[in-house]
Amino acid sequence: MADDTAVDAFGTPGDTVPSESVTIYDVAKLAGVNPSTVSRALNRPGRVSAATERRIRAAAETLNYQVNPMARALPTGRTSIVGVVVSDITNPVFFDVIRGAEAAATSAGYTLVLTESEESDEREYERAQRMLRMVDGMLLATPRMSDEQITALARQKPVAVVNRLVDDVLSVVPDVQQGIAEAVRHLRSHGHSRIAYVPGPALSWMARRRGELLAQRCEWAHIELVTLDPVAPTVAGGRSAAVAVRDSEATAVFAYNDLIAIGLMQELVETGIRIPTDISVVGFDDIFGADFTSPALTTVKSPLREGGDHAMAALLARVTGAEISADGFDLATTLVVRGSTGPAAR
C-alpha cells in the first residue's frame, strides 16, 4: 500500500495527501502526451513546442494540478526554490531588497521563500540551517551571524550576502563611501563642526562600516565626530538615543538608518528641540516614508532594490554553474537633501 504521508518544507511529516489528488499522469492523459513531456513543459518552459506547452498548461489548469517542487527535486537534486533571510521583516529597509530578489527569482523560474531572525544571530543561523534543506541557494540580507557561520552555510549550498562583505562568499555591498562623503560635505557647507553618530546594532557589519567611513570623512573635513552607544535599528531605538544626542552638544547627527533618525526626530521635537534650527538630522537608506516626517528627512539613498536584484541574479547564476562576479555592479549611494538639515546653530 502506498505511503500517502506528505513532507513539509522543512522535511518533517505533514498532512496526508488524498489518494485522489491529481498527478502528472492525469495531466498527460488529458493532454494526450507522455508524462515526461508534461514534466519538461511545466518545469522547463521552451523545451517543447509552443502548441504542446499550451495544451499541457490548459490541461493542468483544468485539473488544478500544481507542480510539487519537493517531488521534482528527487530526480534533479533541485527544488527551484531560493531562500531569503532578513534580520527584521518589519524594517522597511528590507522591502525593496525582497522585491528586487523576488523579481530576479521569478524571471529565472524560481520560487522565493522568506524567514527572519528577529535581530538574533543565533536564531538567524538556526533558521538558515533549516531552510537549507529545501532551497537551491540562499540570500542573506544584512546578516547578524558570524563570518564563520556564513562560510559554513556557503560550504553546503550557494549563498549570497547583501549589505555585508564576507571573504570567499558572494557579497553585494553598496558603495556607502560616496553617499557619506556627500553628507559630510553638505553638513560642512552649513557650518557644522561637531557631529554625533548614532550606530545601529553591535552585530551589524554595515553599522561598523558606515561609522568607520564617517569618521574618515569627518577627519578629512576637520569636523569633530562623537560616536554614541549602539541602539536598536528601530524608531524606539532612535528615541532612546535622544538624551545622548542632546548631551553631545553636536549641531548635527548622523543616524545608522532612517528608522533611528525618525525616532530621534520625534523625541527631540517632543522635548522642544527644533529641527533643523537647533540640530540637523541625517538618516540612511531613504526608506519608504522618509519624506513623510516633518520636516522631511535628509538621508543617504541606498540602492536597496538593485542590491536584492543583483545578489539574487548572481546567486542563481552560481546555482546553475554560470560563475559571475558581483563586483561589477554599480550600487552607488547618494545624498537626498530635504528639510531636516540646515545651518548650524550659533
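Fair warning: this is a prediction, and the values are worked out from it, not measured in the lab. Heavy atoms only: backbone and side chains are in, while hydrogens, waters and symmetry mates are out.
Between the side chains of Tyr256 and Ser204, at least one donor N or O lies within less than 3.5 Å of an accepting N or O. One side chain, Thr299 or Asp258, offers a donor N or O that lies under 3.5 Å from an acceptor on the other. In summary, the side chains of His186 and Thr341 do present a donor paired with an acceptor at a separation below 3.5 Å, with no hydrogens or angles considered. Asp88 and Thr90 form a side-chain donor-acceptor contact under 3.5 Å, judged by distance and modelled atom types alone.
Between Glu212 and Arg208, none of the side-chain N atoms (NZ, or NE/NH1/NH2) sits under 4.0 Å from a carboxylate O, so this pair counts as no salt bridge. Checked for salt-bridge contact, Asp96 and Arg305 miss the test: no charged N lies under 4.0 Å from a carboxylate O. Salt bridge absent: Arg155 and Asp168 never bring a charged side-chain N and a carboxylate O closer than 4.0 Å. Between Glu270 and Arg239, at least one side-chain nitrogen of the basic residue sits less than 4.0 Å from a carboxylate oxygen of the acidic one, meeting the salt-bridge criterion. With salt bridges taken as basic N to acidic carboxylate O contacts below 4.0 Å, none links Asp26 and Lys29.
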Glu119 and Arg144: CA distance, side-chain angles, deciding distance, salt bridge (charged side-chain N to carboxylate O under 4.0 Å, His left out) verdict: CA-CA 7 Å; Glu119 292 290 347; Arg144 305 303 188 217; 2.8 Å; yes
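Trp220 belongs to no multi-residue hydrophobic cluster, having no ILVMFWY side-chain contact under 4.5 Å with any other such residue. The hydrophobic side chain of Val243 is isolated, with no ILVMFWY side chain under 4.5 Å apart from it.
Judged as a side chain to side chain contact (heavy atoms under 4.5 Å, CB included), and not counting sequence neighbours, the contacts of Ala51 are Ser49, Arg54.
Counting heavy atoms from C-beta outward, Thr298 and Ser280 have side chains that stay 4.5 Å or more apart. Contact of the Thr106 side chain with the Met312 side chain is not registered, since no non-hydrogen atoms from C-beta on lie closer than 4.5 Å.
Taking a 6.0 Å sphere around CD of Gln129, one finds it holds more than 12 heavy atoms contributed by other residues, nucleotides or ligands.
Residues Pro233 and Leu259 approach most closely at O-CD1, 3.5 Å, considering heavy atoms.
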